Each structure stands twice: as structure tokens, then as C-alpha cells.
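The structure appears below as C-alpha cells.
Here, residue 1 is the first one in the sequence, and each next residue gets the next number. Worth saying up front: this structure is predicted, and the values here are computed from it rather than measured. Atoms within each ligand, like the ligands themselves, are counted from 1 in listed order.
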Amino acid sequence: MGQIQLKQVTKSFGEVQVIPPLDLTIEDGEFTVFVGPSGCGKSTLLRLIAGLEDISSGHIEIDGKDATDLVPAKRGLAMVFQSYALYPHMSVRKNIAFPLRMAKMDQAEITRRVESAASVLNLTDYLDRRPGQLSGGQRQRVAIGRAIVREPAAFLFDEPLSNLDAALRVGMRLEISELHKRLETTMIYVTHDQVEAMTMADKIVVLQAGVIEQVGSPLELYRAPRNTFVAGFIGSPKMNLLTGAEAAKYDATTIGIRPEHIDVVEADGAWQGTVGVAEHLGSDTFFHIHNTGLAETITVRAIGDVNLKHGDTIHLTPRAEEIHRFDGQGLRIE
Ligand SMILES: Nc1ncnc2c1ncn2[C@@H]1O[C@H](COP(=O)(O)OP(=O)(O)O)[C@@H](O)[C@H]1O
Ligand SMILES: [Mg+2]
């Protein structure tokens, strides 16, 4: 079991309130990602759930029981940090077993849990090595192993992959997703990277300045961002947000159109402009377009390789049915 509920939770450091009253329910077994820019309060929120920080007001319930005043060890949650914090002089086996030894668990049960975790994480052949003899990805797996053996109600991850290089990050992302499918245990995962959020989450919680901007599945956020912040944050390349006369045509203060929803046409497009930078990825081409008469630079994503280069004239048509409209407060107009 691992349902976590935050009820009117706030957090202040001295005079500064970094989390205004916040309500959130994380369902048992769900993979929830907290995403938002640096400093928005993701780690603070996770540490409040873990009990590593005291909340200033409100309640935290785990599986329907008030956990607000419980010390971290009594919450039944396991945190995995960005720095792996492994003991360099101990074997992998001892590192993984460490929390169970501290809890004075029976040796036979420790062995069973360590070997089961090692098998899930493909670490069986490395149990007698020391952390220094492992790759970065393997070390991260040992840190996860140490969490698994505790059989927690939920796993809490704080940017666990940010120390890894890009290729390894993609690999570990998949491993953690697969681990979740296998264990079916609640996971809360903090990242500033919206691609990690989109690819891993059942449910994404978008935060800005301690406030939840939107909660939803990756595709709900992609298809119907509730405001211009979420619209600009979710999706890569970013959604184009246009103001002024172009938005007024659609009876909105701001309109949004994703780069993949603008078609490059031969002639007679809605917009005509000049290619600034063309990024040829092979699978896609990203064009950054100037001189359209719009106030903003337009980003367009074309499928495959499109043979246009810096300085070329380009004709564009946004797909009308894909236009998002926002009002003067930046809120979505349905
Ligand atoms: N121990 C602390 N004392 C004072 N301010 C803090 C402390 N921890 C975090 N903060 C502040 O709270 C805000 C949220 O920080 P944090 O949760 O670390 O953000 P994130 O993880 O999203 O980058 C920031 O403005 C940060 O400076
Ligand atoms: Mg953080």
C-alpha cells in the first residue's frame, strides 16, 4: 500500500513561504513526477513527504493514517538521492543490506531481500564488488537496491539521474520505469526535465513557485495545458506562444501552437518568414523563423530532413484545430 495525501500543507523557511497551502493525492501504485524549474519547491515537497523537513501547517496522510508527526523511519518510505551516498569501503552486498542491518533484521531475511533486489536490478554478479569498481549506472542501481530491500510503501526519487551522462540517463530512465512496472509500488520522482516527466509518469504535477499549476497524465498536459506556464513548460521544442494581433484573430490574449502542428507549405501559407537556424536531426528538422511580421520567433518541427537553410524563405500554416487559446490571466479558454 502507498497512498499519500497532502492536505493544506505549507512550508516556510523563516519568513519566506516556499509552499503555499497545497492539496495533492498520490494513489497507491502510481508513478507521480513532480516537475518544474529549479527552485520551485520540488525537493522541499519531497522532503516534507519523507519527513526530512517538518511541515509548517497542514497534514500528511499515508494510507489514510496521519503521518504528519512521524519521524522518517516510521513512514515506511524510501528516498533515493542524486548523490548515491554509498559506503566506499563496503561491498555492494553490504551497502544494500545496510538499512536492514541497522534495523537488526534477521540475517536469513536480509540475505533473501538483498539477493532478490540484486536480481531485480541485475546486480547479482556484482554483490562482492565495492562501489569504486562499478559504473555510474550500477552505483545508482545499488542506491535503488538499498531502497528496495526496505520494501517501502513508496519510493521517493530526487533527481536521481542528473549526475549521469545523457545516454546513461535514457537507459536508467527505462530501468526505473520497468522497475515500477515490476514492483507496482508508488513512486514519486522529482525532476526539472520535462522529457523525463513525460516519458516516466502516470501522473505529472507541474510546480511553479511552490504552487501546483496542473496535475494530469502526460498527454492531458500536452493536449490541454491549463495555462501558458504549463503550455510553455511541457513539450519539446516549446510551444509557440503568440500575442498581439495574431492572438486577437482567435479572440484570445495569447495563442499557443506547438512546433509539430505548423505545416511547412510550398506557398500561400498563413505566415511567411526567413529561416534563422535550421537544426537537422535527421528524424526531424527544427526551424527557427524570423521576419514573419509576428512579434515572436516561430519554431517549427518538420518530419524528416527538409532541405531549407539559413536565410531561405519559408511558408507556414498552423493547423487551426491545434491552436490553444489563453485569456489575459494566461488561463486556457476552452
Ligand atoms: N533549508 C532551506 N532554508 C531556506 N530556504 C530554503 C531551504 N531549502 C530550500 N529553500 C528555498 O526553497 C525554495 C525551493 O527550493 P527547492 O525545494 O530546493 O527547489 P527545487 O528542488 O524545485 O529546485 C527555494 O527558493 C530555496 O532557496
Ligand atoms: Mg531540488
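- In the displayed structure, I303 atom CD1 is contacted under 6.0 Å by at most 12 heavy atoms of other residues, nucleotides or ligands.
- Between the N240 side chain and the G256 main chain, no donor and acceptor come within less than 3.5 Å of each other.
- No side-chain donor-acceptor contact under 3.5 Å links E321 and H261.
- There is no side-chain donor-acceptor pair under 3.5 Å between E115 and S119.
- In this model, a donor atom of one side chain and an acceptor atom of the other lie less than 3.5 Å apart for T68 and D66.
- For E196, the salt bridge (charged side-chain N to carboxylate O under 4.0 Å, His left out) criterion is met by no residue, not counting sequence neighbours.
- Side-chain contact of T10 with S57: a donor-acceptor pair under 3.5 Å is present, judged by distance alone.
- At a cut-off of 2.8 Å, measuring from the Mg ion (ligand 2), the protein N, O or S atoms that fall short of it are S43 OG, waters left aside.
- Within 4.0 Å of ligand 1, counting heavy atoms only, the contacting residues are F13, V18, P37, S38, G39, C40, G41, K42, S43, T44.
- Residues passing the side-chain contact (heavy atoms from CB on, under 4.5 Å) test with L331, sequence neighbours excluded: N227, D327, Q329.
- Under the 30°/60° scheme for interplanar angles, the aromatic rings of H280 and F287 are found to stand perpendicular.
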